[in-house]
Amino acid sequence: GSTFTGSNVAGSYGYNDDNTFSVDLALDGTTISGFETGVYKTGGGSLDITGDSLITAGDNGYGVYTDGIDVTVIDATFDGGTTGTGILIDNSNYAWLYPMDVTGNIGLHAKNSEILWDAGEVDADTILIAETVTGTVQSLTDPAATGGAGVASAGSSTMIDARSDTRLTVVDWSLDETKMLVDGTSVVDESNWLDIDADHLGAEPLSA
């Protein structure tokens, strides 16, 4: 429930956890704004952001910057501001984002990581940049839309910018080919949930 408010000073940090001690950090219901970088964490350990936290990037900065960190997001919003990035995840063994909302300039920039982004309201100018990333993105929605899960964000100029050596599976989020940038070394597969009515033996199966 804490609030960190800066004065928009270039090079400033709201919370700087740059060390080599593999410390675990948890932010619950935390609001951070007014810093070039809201949270900066490197050197190992984990970062958990939960409880409707709201973290906003400063000019050309980051709401959250991580390197070598296992990241978990449950119910949080990241705002890239006018020229920044909501959250950057670099060199993460695993990032689980459920749900995670992004808005502003760039929502999520993932590099050299494995991600699972499951649900969230997304209307950032660029929703996802992925470089050397594997993972799944599913059930994202446009907060202004009324069509439910899977509706593409009408306000975004780029849905996914898949840069070098990236392999993503997108489920239940209709992609607009005019808002996709895919490098020749990358693949983005668009899929949907499988719904089977299997009652040919006289009754629905109890398990599959």
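Throughout, residue positions are numbered sequentially from 1 according to the sequence presented. As the structure is a prediction and not an experimental result, all values here were calculated from the model. Scope of the values below: all heavy atoms of this structure, side chains included, with no hydrogens, waters or symmetry mates.
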Would [X] end up clustered with [Y] when hydrophobic side chains under 4.5 Å apart are linked, directly or stepwise?
{"X": "L168", "Y": "L88", "value": "no"}
{"X": "I115", "Y": "I74", "value": "no"}
{"X": "L181", "Y": "L175", "value": "no"}
{"X": "M100", "Y": "L54", "value": "no"}
{"X": "I160", "Y": "F78", "value": "yes"}

Measuring from [X]:[atom1] to [Y]:[atom2], what's the distance to the nearest 0.5 Å?
{"X": "T66", "Y": "L47", "atom1": "OG1", "atom2": "CG", "value": "7.0 Å"}
{"X": "I49", "Y": "I87", "atom1": "CD1", "atom2": "CD1", "value": "5.0 Å"}
{"X": "D48", "Y": "L25", "atom1": "CG", "atom2": "CG", "value": "8.0 Å"}
{"X": "S2", "Y": "Y15", "atom1": "OG", "atom2": "OH", "value": "10.5 Å"}
{"X": "E131", "Y": "H109", "atom1": "CD", "atom2": "NE2", "value": "3.5 Å"}
{"X": "T82", "Y": "N60", "atom1": "OG1", "atom2": "CG", "value": "10.0 Å"}

Practice task
On the 0 to 90° scale, with breaks at 30° and 60°, tag the Y65-Y40 ring pair as parallel, tilted or perpendicular.
Solution key: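 The arrangement is parallel - the two ring planes meet at less than 30°.
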Exercise for the section: Taking the six-membered ring for Trp and the full ring for Phe, Tyr or His, determine whether the centres of Y98 and W96 are under 6.0 Å apart. Expected result: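 Between Y98 and W96, the centre distance is under 6.0 Å.
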Practice task
Establish, yes or no, whether a centroid distance under 6.0 Å links the rings of Y13 and F35.
Solution key: no
Problem - S46 vs D24, side-chain hydrogen bond (donor to acceptor under 3.5 Å, both in side chains): CA-CA, chis, key distance, verdict - result: CA-CA 5 Å; S46 65; D24 296 334; 3.0 Å; yes
Any idea which heavy atoms bring [X] and [Y] closest together, and the distance?
{"X": "L97", "Y": "I89", "answer": "CD2-CD1, 4.2 Å"}
{"X": "A119", "Y": "L140", "answer": "C-CD2, 3.6 Å"}
{"X": "A57", "Y": "G80", "answer": "CB-O, 3.8 Å"}
{"X": "G29", "Y": "S53", "answer": "N-OG, 3.1 Å"}
{"X": "F4", "Y": "G14", "answer": "CD2-O, 3.8 Å"}

Exercise for the section: Take W117 and L108 through the side-chain contact (heavy atoms from CB on, under 4.5 Å) test and state the conclusion after the steps. Expected result: CA-CA 10 Å; W117 187 358; L108 166 63; 3.8 Å; yes
Checking the side chain of [X] only, and the main-chain atoms of [Y] only, is there a donor and an acceptor separated by less than 3.5 Å?
{"X": "S156", "Y": "A124", "answer": "yes"}
{"X": "S113", "Y": "N91", "answer": "yes"}
{"X": "S186", "Y": "T166", "answer": "yes"}

Judged by modelled atom types alone, do [X] and [Y] share a side-chain donor-acceptor pair under 3.5 Å?
{"X": "D125", "Y": "S157", "result": "no"}
{"X": "N112", "Y": "D90", "result": "yes"}
{"X": "Q138", "Y": "D118", "result": "yes"}
{"X": "D79", "Y": "T103", "result": "no"}
{"X": "D183", "Y": "T185", "result": "yes"}
{"X": "N105", "Y": "T83", "result": "no"}

Handout entry: side-chain hydrogen bond (donor to acceptor under 3.5 Å, both in side chains), paired with T42, selected from D67, N16, D18
Key = D18
Min side-chain heavy-atom separation [X]-[Y] under 4.5 Å:
{"X": "I55", "Y": "T31", "answer": "no"}
{"X": "V188", "Y": "M180", "answer": "yes"}
{"X": "M159", "Y": "W173", "answer": "yes"}
{"X": "I32", "Y": "T56", "answer": "no"}
{"X": "D142", "Y": "E121", "answer": "no"}

Practice task
Evaluate the side-chain contact (heavy atoms from CB on, under 4.5 Å) criterion for residues K41 and V23: first the C-alpha distance (whole Å), next the side-chain angles of each, then the deciding distance (0.1 Å), finally the verdict.
Solution key: CA-CA 9 Å; K41 181 164 177 57; V23 175; 4.2 Å; yes
Practice task
Any chance you could lay out the side-chain contact (heavy atoms from CB on, under 4.5 Å) test for E190 and V171, step after step, and finish with the verdict?
Solution key: CA-CA 6 Å; E190 184 175 3; V171 185; over 6 Å; no
Exercise for the section: Taking only Lys NZ, Arg NE, NH1 and NH2, and the carboxylate oxygens of Asp or Glu, determine whether D189 and R167 approach each other closer than 4.0 Å. Expected result: yes
Problem - Test side-chain contact (heavy atoms from CB on, under 4.5 Å) applied to D70 and S92, step by step - result: CA-CA 5 Å; D70 292 335; S92 178; 4.1 Å; yes
